[in-house]
Asker: 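Just passing along the structure, written as structure tokens.
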Amino acid sequence: MTFPSGFLWGGAVAANQCEGAWNIDGKGPSIQDVTPQGVMGPMTAQPTEDNLKLTGIDFYHRYKEDIKLFAEMGFKIFRTSIAWSRIFPNGDEPHPNEAGLAFYDALFDECHKYGIEPLVTLSHYETPLHLTREYNGWANRVLISFYARYVTTVFTRYQHKVKYWLTFNEINSVLHHPLMSGGIETPKNELSQQDLYQAVHHELVASALATKIGREIMPQAKFGCMVLSLPIYPLTPNPDDVMACMHADHRNDFFADVHVRGYYPGYMKRYFREQGIHLQIEEDDIQILTHTVDFLSFSYYFSTCETVQTGVDGATGNLIGGVKNPHLAASEWGWQIDPQGLRYILNKYYDRYQIPLFIVENGLGAKDVLITDSAGEPTVNDDYRIQYLREHLEQVHEAILDGVPVMGYTTWGCIDLVSASTAQLSKRYGFIYVDRDDDGKGSLARYKKKSFYWYQNVIHSNGVEL
Ligand code: BG6
């Protein structure tokens, strides 16, 4: 067993789930700062003290300590996002906030000090709150110009420090979570399909525009889209179930299809026609969409089933539910665990697109118990996490043997952070334990879990020893 040389091993976080410092050095509030129960929960008028994300794991002040630990594990790459509202506090002002820019300069410098490449998500569920309240987020076309100004600013500033860029985190999730993913304040049940897909169109144009602008500024850099991947299996061999899968797949694949191929697929045009959706597409939009990505990146946590039957058990999952698969076990949060689904989706994407793939999120959220080891050091015996990651990496290797070009693998939440869906700290993904509980209590001290040493050896052996 071996992985390609130059394989990008690492870990991933998002600014809003770890940085804290929500109003420090000129940062403006984002939608995360008013959703204390997670971005699927209700919005509060103002940021409230019970919102763990306001302080996160204080990565803003502790990043040096944390990156040192990532370097100790041997990370080649570290995925994080830039908090848009640190750079443009309201999102629509003409000039950026220098203190916010300086923070990411220092962060990327710290990565390079250890030979770690930053992989940057430009928008990870952290739309500036003002853009949501004033413009209804991506439902409004004007966001394309605000986003273009923001990405031009950060591309120009970090052109010599960042080679890998992702435009929007899990862009397809906007269909399910318009506020979280699209910054759209209109409640989902009041949002028409017309307005939802119009918002999608704005994001797709903005994403392609970012790739276009980025290439002009940094011809050597690589630009990727990022989707929430979801293998969907027919619950039975009934052809109706298979067709139900195909339609569900289309709803997800549509986003990557546009990013990779540069135009709207026929099945979506048909869907729009039949649903009476008439997108407002401006003259330049079609041309902008032709600026396609260099690679496709995705998160992978679970698979699901589809059926036309009614009354079947549902499955919870990473932001999108589905039908329960009777053959799979699930995590403590009900997410179905399916390592082979990762090989399946890697093959599916490569068959479809023939461009390099990057797994930028995968991991197990679990309740860890802090113990003391024989040397008196606090640690966690997280064999369950090691098993989860090992089984998934075995399937990544299978896909590589199948001929799929996989650029790298960044585990989600390489250090414990605040969960996106539930805003808990007790849903831990990290190799590094952070002493903080769901009530916000704890010293914020960092402790290495057993998986820390396991992953260190995986990277050191380039995946030969899983
Ligand atoms: C992905 C998101 O959907 O899943 C991350 O990109 C998120 O932001 C991750 O944290 C895990 O989900 P959760 O809800 O367990 O934090």
Side-chain angles (χ1 to χ4, degrees), residues 10-19 30-33 35-41 51-53 56-57 59 78-84 119-127 166-183 203 224-230 252 255 296-304 315-322 330-337 341-342 345 358-368 384-385 388-389 392 409-430 434 436 438:
V13 301
N16 71 85
Q17 292 173 257
C18 69
E19 283 179 4
S30 82
I31 51 169
Q32 295 287 345
D33 300 322
T35 47
Q37 295 166 33
V39 255
M40 292 182 249
N51 188 342
L52 284 185
K53 290 171 281 186
I57 57 163
F59 181 75
F78 170 55
R79 175 179 175 228
T80 189
S81 62
I82 294 178
W84 186 348
L119 163 62
V120 172
T121 318
L122 290 157
S123 180
H124 191 129
Y125 298 158
E126 43 209 6
T127 306
L166 307 178
T167 52
F168 289 94
N169 184 61
E170 298 186 332
I171 187 166
N172 50 330
S173 65
V174 68
L175 295 185
H176 307 269
H177 303 290
L179 169 62
M180 178 186 71
S181 191
E203 283 201 62
C225 59
M226 197 296 199
V227 295
L228 186 164
S229 79
L230 184 62
N252 284 325
F255 293 82
L296 167 66
S297 79
F298 63 91
S299 60
Y300 176 69
Y301 293 94
F302 84 117
S303 65
T304 187
T316 52
N318 179 26
L319 311 173
I320 303 179
S331 78
E332 289 173 83
W333 275 264
W335 298 18
Q336 301 187 124
I337 299 172
L342 183 50
I345 203 78
F358 202 147
I359 305 149
V360 295
E361 283 188 35
N362 176 232
L364 178 71
K367 289 203 166 112
D368 289 339
Y384 39 89
R385 181 168 294 110
Y388 178 100
L389 294 171
H392 282 76
Y409 178 81
T410 56
T411 64
W412 176 249
C414 46
I415 181 165
D416 292 347
L417 37 63
V418 185
S419 149
S421 57
T422 61
Q424 294 169 292
L425 235 152
S426 58
K427 188 179 190 188
R428 296 173 184 275
Y429 286 86
V434 177
R436 191 169 201 217
D438 289 344

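Both ligands and their constituent atoms are indexed starting at 1 by order of listing.
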Asker: Can you check whether E170 has an N/O within less than 3.5 Å of an N/O in ligand 1?
Answerer: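 Such a contact does occur with ligand 1.
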Asker: Could you tell me whether the side chains of S299 and E170 share a donor-acceptor contact shorter than 3.5 Å?
Answerer: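 Yes, E170 and S299 have a side-chain donor paired with an acceptor closer than 3.5 Å.
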Asker: Could you list which atoms of ligand 1 come closer than 4.0 Å to a heavy atom of A420?
Answerer: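 So the atoms of ligand 1 that pass are 7 (C), 8 (O), 10 (O), 13 (P), 14 (O), 16 (O).
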Asker: Evaluate the side chain to side chain contact (heavy atoms under 4.5 Å, CB included) criterion for residues T422 and K427: first the C-alpha distance (whole Å), next the side-chain angles of each, then the deciding distance (0.1 Å), finally the verdict.
Answerer: CA-CA 8 Å; T422 61; K427 188 179 190 188; 4.3 Å; yes
Asker: Hey, what's the ring geometry for Y301 with W335, parallel, tilted or perpendicular (30° and 60° as the breaks)?
Answerer: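 The arrangement is perpendicular - the two ring planes meet at more than 60°.
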Asker: Do we see a donor-acceptor contact under 3.5 Å between the side chains of Y409 and N362?
Answerer: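 Side-chain D/A pair, Y409 to N362: present.
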Asker: Check the angle between the aromatic planes of Y300 and H392 and answer parallel, tilted or perpendicular using the 30° and 60° thresholds.
Answerer: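 Y300 vs H392 ring planes: tilted.
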Asker: Heavy atoms only, cut-off 4.0 Å: how does L417 contact ligand 1, side chain, backbone, both, or neither?
Answerer: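 Answer for L417: neither.
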Asker: Considering only heavy atoms, does W333 approach ligand 1 within less than 4.0 Å through its side chain, its backbone, both, or neither?
Answerer: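 The answer is neither; W333 stays 4.0 Å or more away.
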Asker: Using heavy atoms and a threshold below 4.0 Å, how should the contact between W335 and ligand 1 be classified: side chain, backbone, both, or neither?
Answerer: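 Side chain only.
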Asker: Return the set of residues passing salt bridge (charged side-chain N to carboxylate O under 4.0 Å, His left out) with D416 (not counting sequence neighbours), or none when no residue passes.
Answerer: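 Counting only residues at least two positions away or on another chain, D416 forms a salt bridge (charged side-chain N to carboxylate O under 4.0 Å, His left out) with R428, K449.
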Asker: Would you mind running through ligand 1 and noting each atom that sits below 4.0 Å from a heavy atom of K427?
Answerer: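 Selected atoms, number and element: 13 (P), 14 (O), 15 (O).
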Asker: Find all atoms of ligand 1 within a distance of less than 4.0 Å from any non-hydrogen atom belonging to Y429, and give their numbers and elements.
Answerer: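 Numbered from 1, ligand 1 contributes 11 (C), 12 (O), 13 (P), 15 (O).
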Asker: Number the atoms of ligand 1 from 1 as they appear, then name those within less than 4.0 Å of a heavy atom of S419, with their elements.
Answerer: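 What qualifies from ligand 1 is 13 (P), 14 (O), 15 (O), 16 (O).
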